[in-house]
Amino acid sequence: MSATHARRAPGAADRPDRHAAAHRLALLESMLRVRRFEERCVELYSAARIRGFMHLYIGEEAVAVGVNEALTDEDAIVSTYREHGHALARGVPAEAIMAEMFGKATGCSRGRGGSMHLFDAGRRFYGGNAIVGGGLPLAAGLALADRMTGKRRVTCCFFGDGAFAEGEFHETANLAALWRLPLLLVCENNLYAMGTALARHQAQTDLALRAAGYGMVSWAVDGMDVFAVEDAARRAAEGVRAGGGPHFLEMHTYRFRTHSMYDSDRYRDKAEIEHWKERDPVEGLARRLRGTNELTDEARSALEDRLAAEIDAAVGAAEQAPEEPVEDLLTYVTSPVEESPP
């Protein structure tokens, strides 16, 4: 397991040394894992081996990886339907995620959730959610439970800029600030709510400013720079953990692929996409590490080979995994009936 996948307990002594090359290389490995996993999913989907809706995280890897560096094993994550990267950065095995994509019983959601509903309670990864903004009230509930039981834990909720058009965001922000919940709200502002540009559905496009109106600490972050994301997430998580109430981070990021695999992407200018690709968070970090002689061509090639083998193994395991028996399909749909005592 890479250093970036190992969750740490809070406290300065347990933080990774930002000046250590090993930490920077671990960040690159984690972002590359997400990128290569997503690229393989494109191939599998195009070959009809993955079905249903699928939303890719390519271009936004720095957000998932950087934020996860600020969280511990005891903290919770609530995600969106674009959650493959969040799950991988959290440490959910690629094999369990790929099996879920194939709808197999060995998937992290037993094959019942697919791409939009990854879930791993053991890692306190409380799922993707197909409803825009649907994870926000769930995250507030987790944070409220921690506050009521006196646990110094953070609940981190990812959501997109489109969630600002939903009542769930405003209700959650208001209650979280009113009750000073230990909640870290991370808005992945990739400029588009499906096919609608931010300025076409929000009169005020400074989302951090809008969140501050609820009385919570808020600021904007360069979501294409994993170091900037990590620094901001650590600062915010420490504030939440110290009892400072909810904190809000607006991550300026961009998805290089379409909204979903069914999207024709006719609403974005190609020059805009290419402009953002010049700020590719994965290759940007790789260039920085090559510039400081921390990453050689040989080391990059070895890393790529290792990740390719990991993803190949995940695909192979998913192909061989069993499907859920038909007779079990109604299991977990309703709660089991408990017999009354005599």
Asks: Check the orientation of Y267 and Y192. Use parallel for under 30°, tilted for 30 to 60°, and perpendicular for over 60°.
Replies: tilted
Asks: Grab the two heavy atoms, one from P246 and one from A176, that are nearest each other, plus how far apart they are.
Replies: CD-O, 3.3 Å
Asks: Could you tell me whether the side chain of V132 reaches within less than 4.5 Å of the side chain of E168, counting heavy atoms only?
Replies: no
Asks: Should L142 and V78 be marked as a side-chain contact (heavy atoms from CB on, under 4.5 Å) after you check the CA-CA gap, both sets of side-chain angles, and the distance that decides it?
Replies: CA-CA 9 Å; L142 289 166; V78 179; 3.7 Å; yes
Asks: W276 ring centre to R268 NZ or CZ under 6.0 Å, with the angle to the axis within 45°?
Replies: no
Asks: A side-chain contact here means heavy atoms from C-beta on lying under 4.5 Å apart; do D161 and L207 qualify?
Replies: yes
Asks: To check you understand the geometry: which heavy-atom pair defines the closest contact between G59 and T253, and what is its length?
Replies: O-OG1, 3.7 Å
Asks: Tell me whether the rings of F169 and F159 are parallel (<30°), tilted (30 to 60°) or perpendicular (>60°).
Replies: tilted
Asks: Above 12 or not: heavy atoms from other molecules or residues under 6.0 Å from CD of E327?
Replies: yes
Asks: Determine, using the 4.5 Å side-chain heavy-atom cutoff (strictly less than), whether V229 and V217 are members of one ILVMFWY cluster.
Replies: yes
Asks: Could you tell me whether the side chain of M54 reaches within less than 4.5 Å of the side chain of Y262, counting heavy atoms only?
Replies: no
Asks: Less than 4.0 Å between a side-chain N and a carboxylate O, is that true for R255 and E272?
Replies: no
Asks: Is the centre of the F53 ring less than 6.0 Å from the centre of the Y81 ring?
Replies: no
Asks: For residues I273 and F256, report the shortest heavy-atom separation together with the two atoms involved.
Replies: CG2-O, 4.2 Å
Asks: In terms of hydrophobic clusters joined by side-chain contacts under 4.5 Å, are Y126 and L175 together?
Replies: no
Asks: Does this structure show an ion pair linking E310 with R33, if we count only N-O contacts that are shorter than 4.0 Å?
Replies: yes
Asks: With a 6.0 Å cut-off (strictly less than), is the heavy-atom count around CG of L209, excluding the residue itself, greater than 12?
Replies: yes
Asks: Which is it for H247 and E238 under the side-chain hydrogen bond (donor to acceptor under 3.5 Å, both in side chains) test, yes or no, and what are the steps along the way?
Replies: CA-CA 10 Å; H247 284 51; E238 287 170 1; over 6 Å; no
Asks: Work out which heavy atom in A165 is nearest to a heavy atom in H201; give both atom names and the distance.
Replies: CB-ND1, 4.3 Å
Asks: With a 4.5 Å heavy-atom cut-off, do L118 and F125 have their side chains touching?
Replies: yes
Asks: Quick check on R36: does its CZ atom have over 12 non-hydrogen neighbours (other residues, nucleotides or ligands) under 6.0 Å away?
Replies: yes
Asks: With a 3.5 Å cut-off and no angle check, do the side chains of Y254 and H275 form a donor-acceptor pair?
Replies: no
Asks: State plainly whether one hydrophobic cluster holds both V226 and L28, where clusters connect Ile, Leu, Val, Met, Phe, Trp and Tyr through side-chain heavy atoms under 4.5 angstrom apart.
Replies: yes
Asks: Under 4.0 Å between a Lys/Arg side-chain N and an Asp/Glu carboxylate O for R124 and E74?
Replies: no
Asks: Return yes when atom CZ of R200 has more than 12 non-hydrogen atoms of other residues, nucleotides or ligands closer than 6.0 Å, and no otherwise.
Replies: no
Asks: Do C41 and M101 come within less than 4.5 Å of each other through their side chains, counting heavy atoms only?
Replies: yes
Asks: Please determine which of R241, R152, R153 meets the salt bridge (Lys or Arg N to Asp or Glu O under 4.0 Å) test together with D146.
Replies: R153
Asks: Do V186 and C157 pass the side-chain contact (heavy atoms from CB on, under 4.5 Å) test, and can you show the C-alpha distance, the side-chain angles, and the key distance before you say yes or no?
Replies: CA-CA 6 Å; V186 179; C157 185; over 6 Å; no
Asks: Apply side-chain contact (heavy atoms from CB on, under 4.5 Å) to the pair V333 and R112, showing each step before the final yes or no.
Replies: CA-CA 11 Å; V333 174; R112 292 172 174 238; 4.3 Å; yes
Asks: Please determine whether a side-chain nitrogen of the Lys or Arg among R279 and D222 lies less than 4.0 Å from a carboxylate oxygen of the Asp or Glu.
Replies: yes
Asks: Side chains of I77 and L71, heavy atoms from C-beta outward: is any pair under 4.5 Å?
Replies: yes
Asks: Decide, yes or no, whether a salt bridge links E29 with R306 under the criterion of side-chain N to carboxylate O below 4.0 Å.
Replies: yes
Asks: Determine whether the side chains of S79 and H86 contain a donor N or O and an acceptor N or O closer than 3.5 Å.
Replies: yes
Asks: Looking at E304 and R300, is any side-chain nitrogen of the basic one under 4.0 Å from a carboxylate oxygen of the acidic one?
Replies: yes
Asks: What I'd like to find out is whether the side chain of E39 reaches to under 4.5 Å of the side chain of V34, using heavy atoms alone.
Replies: no
Asks: Is it true that L249 and L181 fall in one hydrophobic cluster, defined by side-chain heavy atoms closer than 4.5 Å?
Replies: no
Asks: Is W219 reachable from V240 through a run of I, L, V, M, F, W or Y residues, each pair having side-chain heavy atoms under 4.5 Å apart?
Replies: yes
Asks: What verdict does the side-chain contact (heavy atoms from CB on, under 4.5 Å) test give for R210 and T205, after you've listed the backbone C-alpha separation in whole Å, the side-chain angles of each residue and the deciding distance to 0.1 Å?
Replies: CA-CA 8 Å; R210 291 189 64 191; T205 59; over 6 Å; no
Asks: State, to 0.1 Å, how close H55 and M116 come at their nearest heavy-atom pair, and which atoms those are.
Replies: CE1-SD, 3.5 Å
Asks: Counting the benzene-type ring for Trp, do H84 and Y57 have ring centres under 6.0 Å apart?
Replies: no
Asks: Using a strict cut-off of less than 4.0 Å between a Lys/Arg side-chain nitrogen and an Asp/Glu carboxylate oxygen, indicate whether E188 and R82 qualify as a salt bridge.
Replies: no
Asks: Side chains of E61 and V63: closer than 4.5 Å at any heavy-atom pair?
Replies: no
Asks: Salt bridge or not for R257 and D263, using N-O below 4.0 Å?
Replies: no
Asks: What's the spacing between C156 SG and D75 CG if we round to 0.5 Å?
Replies: 8.5 Å
Asks: State plainly whether the residues D280 and R35 are in salt-bridge range, i.e. N to O under 4.0 Å.
Replies: yes
